[in-house]
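Naming: A, B, ... by sequence-line order, numbering from 1 per chain. Keep in mind that the numbers below use all heavy atoms, side chains included, and drop hydrogens, waters and symmetry copies.
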Number of protein chains: 2
Amino acid sequence: MKKQPTREKLLDITFDEVYIHGYSATSVDTILKKAGIPKGSMYHHFKGKKELVLAMVQERLFVKMDTFFIFKREAGETVMQRLRNTYVAMSKNKPLVTYGCPLYRLMVELSAVDREFDVLLGSRAMQLHQELAALLQSGIDEGEFTNKLHAESFARFMLSATWGILSMPPSLSSSRLFLEQSRFILENLETYTH
Amino acid sequence: MKKQPTREKLLDITFDEVYIHGYSATSVDTILKKAGIPKGSMYHHFKGKKELVLAMVQERLFVKMDTFFIFKREAGETVMQRLRNTYVAMSKNKPLVTYGCPLYRLMVELSAVDREFDVLLGSRAMQLHQELAALLQSGIDEGEFTNKLHAESFARFMLSATWGILSMPPSLSSSRLFLEQSRFILENLETYTH
DNA sequence: GTTTGATTAGACTAAATGGTCTAATGCAGT
DNA sequence: ACTGCATTAGACCATTTAGTCTAATCAAAC
């Protein structure tokens, strides 16, 4: 088990801490202690706490999101199948179901209060929305869905509703409940199938 | 304009601050300065920051929620009408649409991390869920909805989806978008009408 | 008006916070 | 081995944090 480069180790620990405790409640000293890395070392790699977390968002959070939001269809897969599979995959991701989507959590905490975070997180949210809308649109174009379906609107609804369900407190969430609730979203979408 | 009693003034300011900045990012000193109330005065009324916020949750946050989640039908009103009206009322509540539901925001921040808040906020969430489920159930009993509708499940979905939509960052939310998205929830429910 | 208890007032404290600084160390290229 | 730069190390600092303490003030009851 060879030693992880300082910078990478810091980003990993920062993700864990910020994911669960949020930005404000996470202290630099805690991260440093958990990572076993001295202060000077961290301030050599990052200008400060905020820059550390911004880097973590881009290099860890955004990357991890790709592992549970998968909007790229495999060959011969319908849009409905792709979405169903995505929800099943999400339901199997324990931290995701327990603590919610890390992007959404950070948005809720910081977007109203910090411009830089708002821009960074918001742009990723919009990107996600566009990918999802494109997937739905392809379903319309290929005749899987009626053209009564407004891809952009439904994608927006789907995204925020899913985030809402995922981010319910641990004491009120479970894999089973997540699937139960997400089924209503899919049911709704199914209304638009030919 | 007569002077508001210390305790009440503190609860008001605390609500404003915690609503927007969250629990961790809100400092006692800030509250005190905004309220123009000295420290000793606050610590006479409350044991500490946490107790102040817990009191605020019960005496302000919970009370305000009753003004936008209205599940009690007026005479002759169908369940669908009640819900539509509720969503319209919510969409007109500017802070609600801009910053999201204060209960949900606090849950996202604290439930995973603090037992007392988890219990207090969670119990209110469950109460809300039960009220909504009861409303839906009454719709089933009175023949407005098919008995294929599972009141409890749908209520859970409705609640978390609505929270998710409401709590989108200010830069991505508006009254119009809120209504657009909430319509999908109602549309879904409508498929269960006779 | 005096007494009594509640409240106000704010100086003070200890700990935690994010951040700086300088010296030591490692390590690559020569 | 020597040089030069990147990195590590952690003591140190100023500020902010939640919280304490004692004295002053107020208001109601007598």
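- In summary, B/Glu180 and B/Arg176 engage in a salt bridge, as defined by a charged side-chain N under 4.0 Å from a carboxylate O.
- For A/Leu32 and D/dA9, the CG to C1' distance is 11 Å, given to the nearest whole Å.
- Protein atom CD of B/Glu51 is 12 Å distant from nucleotide atom P of D/dT20, rounded to whole Å.
- In this structure, the NZ atom of A/Lys47 is 18 Å from the C1' atom of C/dC21, given to the nearest Å.
- Using a cut-off of 4.0 Å between Lys/Arg side-chain N and Asp/Glu carboxylate O, A/Lys72 and A/Glu77 are scored as not salt-bridged.
- In the set C/dT8, C/dG18, D/dT8, the nucleotide with an atom closest to the side chain of B/His44 is C/dT8.
- Using a 4.0 Å heavy-atom distance criterion, B/Lys49 is classed as a sugar-phosphate-only contact.
- Residue A/Gly40 is classed as a base contact, given a heavy-atom separation below 4.0 Å to a base.
- In this model, the phosphate group of D/dT8 is approached by a side-chain N or O of A/His45 to a distance below 4.0 Å at OP1 or OP2.
- The pair A/Arg84-A/Glu190 meets the salt-bridge criterion, since a charged nitrogen lies less than 4.0 angstrom from a carboxylate oxygen.
- Put simply, CG on A/Asp29 is 16 Å from P on D/dC12, counting in whole angstrom units.
- Using a 4.0 Å cut-off between charged nitrogen and carboxylate oxygen, A/Lys50 and A/Glu116 count as a salt-bridge pair.
- Backbone-only engagement by B/Thr26 is indicated by non-hydrogen atom pairs under 4.0 Å involving sugar-phosphate atoms exclusively.
- Distance, A/Lys39 NZ to D/dT7 P: 20 Å, rounded to whole Å.
- The A/Ser27 side chain lies nearest to C/dG18 when the options are C/dG18, C/dG10, D/dA18.
- Going from atom CE of A/Met42 over to atom P of D/dT7 covers 15 Å, rounded to whole Å.
- In terms of phosphate contacts, A/Thr6 brings a side-chain nitrogen or oxygen within less than 4.0 Å of OP1 or OP2 of D/dT8.
- For the pair B/Lys50 NZ and D/dG19 P, the interatomic distance rounds to 10 Å; values are reported in whole Å.
- Between the P atom of C/dG19 and the CG atom of A/Leu52 lies a distance of 10 Å, rounded to the nearest Å.
- With respect to the salt-bridge test (charged N to carboxylate O, under 4.0 angstrom), the residues A/Arg124 and A/Asp66 qualify.
- Considering only the side chain of B/Tyr43, D/dG19 comes nearest among D/dG19, C/dA9, C/dG18.
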